[in-house]
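Note sheet for the following structure.
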There are 2 protein chains.
Amino acid sequence: MTTTSRGRIDKRQAILEGAFAVFARQGYAQAGVQDIADAAGVAKPTVYNHMTDKATLFRNALEATARAVLNERLAALEPLADPGDDLRATLDDVAYRLLVSYTDERSCALRRLLYTEITTFPDALDLVKEHGPQRLNEALADRLARLTLAGRLRATHPDLAAEQFSSLLAGPLEARTQMGTRVIDDADLRTVARAAVRTFLRAWGPEQEG
Amino acid sequence: MTTTSRGRIDKRQAILEGAFAVFARQGYAQAGVQDIADAAGVAKPTVYNHMTDKATLFRNALEATARAVLNERLAALEPLADPGDDLRATLDDVAYRLLVSYTDERSCALRRLLYTEITTFPDALDLVKEHGPQRLNEALADRLARLTLAGRLRATHPDLAAEQFSSLLAGPLEARTQMGTRVIDDADLRTVARAAVRTFLRAWGPEQEG
DNA sequence: ACTAATTTGAACCCATGAGTTCAACGGATC
DNA sequence: GATCCGTTGAACTCATGGGTTCAAATTAGT
């Protein structure tokens, strides 16, 4: 709409976003390229100008979203870099932010799509390794290791502790959101976060707690 | 092959099993009724003699499998009904059996299918409520409550404790099996089980542990 | 052996949708 | 205003697959 080659970039972006939206709603097989073109506000041949295939269109859309989601989650870990004197409060905060990310519309859709099409798109595994939960766990484990060295935690096995922290967050969500169908209350999110942090601290916290 | 109307029953069973196998491998949309018929060792019209639709065929196949999987998991909880004097060993055992069930081929496929097609089959949610993880959690919470009353645990919130027990098991699996693609070592399963039980007991166990 | 029901294979109809072609269009750039 | 390039819409081809039909074969029950 404005400068020189912005047109192409805009179109490409629009196509990727539209594609992810449609794929998320209908799944790969049921999504029509025509629908995607409509969703992107673009003609069908234009889609094929930018993407050779429906398959590569799918891959690119997935990758773009996965990258965005991972960044969002890494940002949620920020407070752990410099926790105040109240470690529990900081953990509560981080846990809550992660839960918000987990329940994010895009995030759920991405997760569902990966689960769904991992059989027909085995190479999407690389994508999971690149931008998946592993990366988050590494970052979290780093933070926990630091905190342990500083005497704020007893996370003698940071990787395990990080894994369990994530599990204590994600598990209850799965039970509560019914495959991402049901929306979850913000207050519930806080409750889940607090319960997870409480158990986490009992297991890996500095000393015994009442 | 044998008695009176066994023929019909056999065919029906074969169709359901074949259907689930094909659906699990290819997903709903990509699975051809012809493939299913072949997998069941049956002609295509025979499939339509027993099932009106591809959709109802799918639903029936899902339900049969969900029922079987739930029973298997409930059976895994049995040892908790009468734990020996070594509670940790009993929990390790139960955790291990649950992990085996979680990593079961059929179980993973069922989970993937539900995730995949929950959008196009919203009524499959009832199926999840009937035979899903909720039911397992209820049963587990009952056991934990009993154990708490008997002074073997301090699970003051049995539902929460049960939820976290399951989470500590399922979470690490998800990270390790890469969407059910990678096979997992039996020894790894034991390790995950022990780590989960250790954290669980630190949070909900009778007294502090070294 | 006779009958009724079921299964079978093959062919068929029809809807859907991927991917292509092409002539016309629009808006930059010189 | 001539040119170039990406875009557009519409129509087209072709493969796939759900669901049906039917006559022949098979099986079950008496």
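The sequence lines fix the lettering, A, B, ..., with proteins before strands; numbering per chain opens at 1.
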With a 4.0 Å cut-off, would you call A:E17 and A:R106 a salt bridge? no
Just the rounded figure in Å: distance from C1' of C:dA18 to CG of A:D53. 9 Å
Between the side chains of A:D142 and A:R146, is the shortest nitrogen-to-carboxylate-oxygen separation below 4.0 Å, so that they form an ion pair? no
Under the side chain to side chain donor-acceptor pair (under 3.5 Å) test, which residues partner A:T177, sequence neighbours left out? none
Under-3.5 Å N/O pairs linking protein and nucleotides 8-10 of chain C:
residue: C:dT8; atom: OP2; partner: B:A43; partner atom: N; Å: 3.1
residue: C:dT8; atom: OP2; partner: B:T46; partner atom: OG1; Å: 2.7

Could you tell me how far apart A:Y48 (OH) and D:dC12 (P) are, to the nearest whole angstrom? 19 Å
A side-chain contact here means heavy atoms from C-beta on lying under 4.5 Å apart; do A:F165 and A:T199 qualify? no
Using a cut-off of less than 4.0 Å, is there contact between a side-chain N or O of B:H50 and OP1 or OP2 of C:dT6? no
Which residues within residues 23-39 of chain B lie with some heavy atom under 4.0 Å of an atom in DNA chain C? none
Could you pull out all donor-acceptor pairs under 3.5 Å where a side-chain atom in residues 32-44 of chain A meets a protein atom, sequence neighbours excluded?
residue: A:Q34; atom: NE2; partner: A:D38; partner atom: OD1; Å: 3.1

Sequence neighbours left out, cut at 3.5 Å: what donor-acceptor pairs do the side chains of residues 56-66 of chain B make with other protein atoms?
residue: B:T56; atom: OG1; partner: B:D53; partner atom: N; Å: 3.3
residue: B:T56; atom: OG1; partner: B:D53; partner atom: O; Å: 3.2
residue: B:R59; atom: NH1; partner: B:D123; partner atom: OD1; Å: 3.2
residue: B:R59; atom: NH1; partner: B:D123; partner atom: OD2; Å: 2.8
residue: B:N60; atom: ND2; partner: B:T56; partner atom: O; Å: 3.4
residue: B:E63; atom: OE2; partner: B:R67; partner atom: NH2; Å: 2.5
residue: B:T65; atom: OG1; partner: B:A61; partner atom: O; Å: 3.0

note: B:K54, atom NZ; D:dG17, atom P; distance rounded to Å ~ 9 Å
Got a salt bridge between A:R88 and A:D92, using NZ or NE/NH1/NH2 to carboxylate O under 4.0 Å? no
Selection residues 126-137 of chain B - residue pairs positive for salt bridge (Lys or Arg N to Asp or Glu O under 4.0 Å), sequence neighbours left out: none
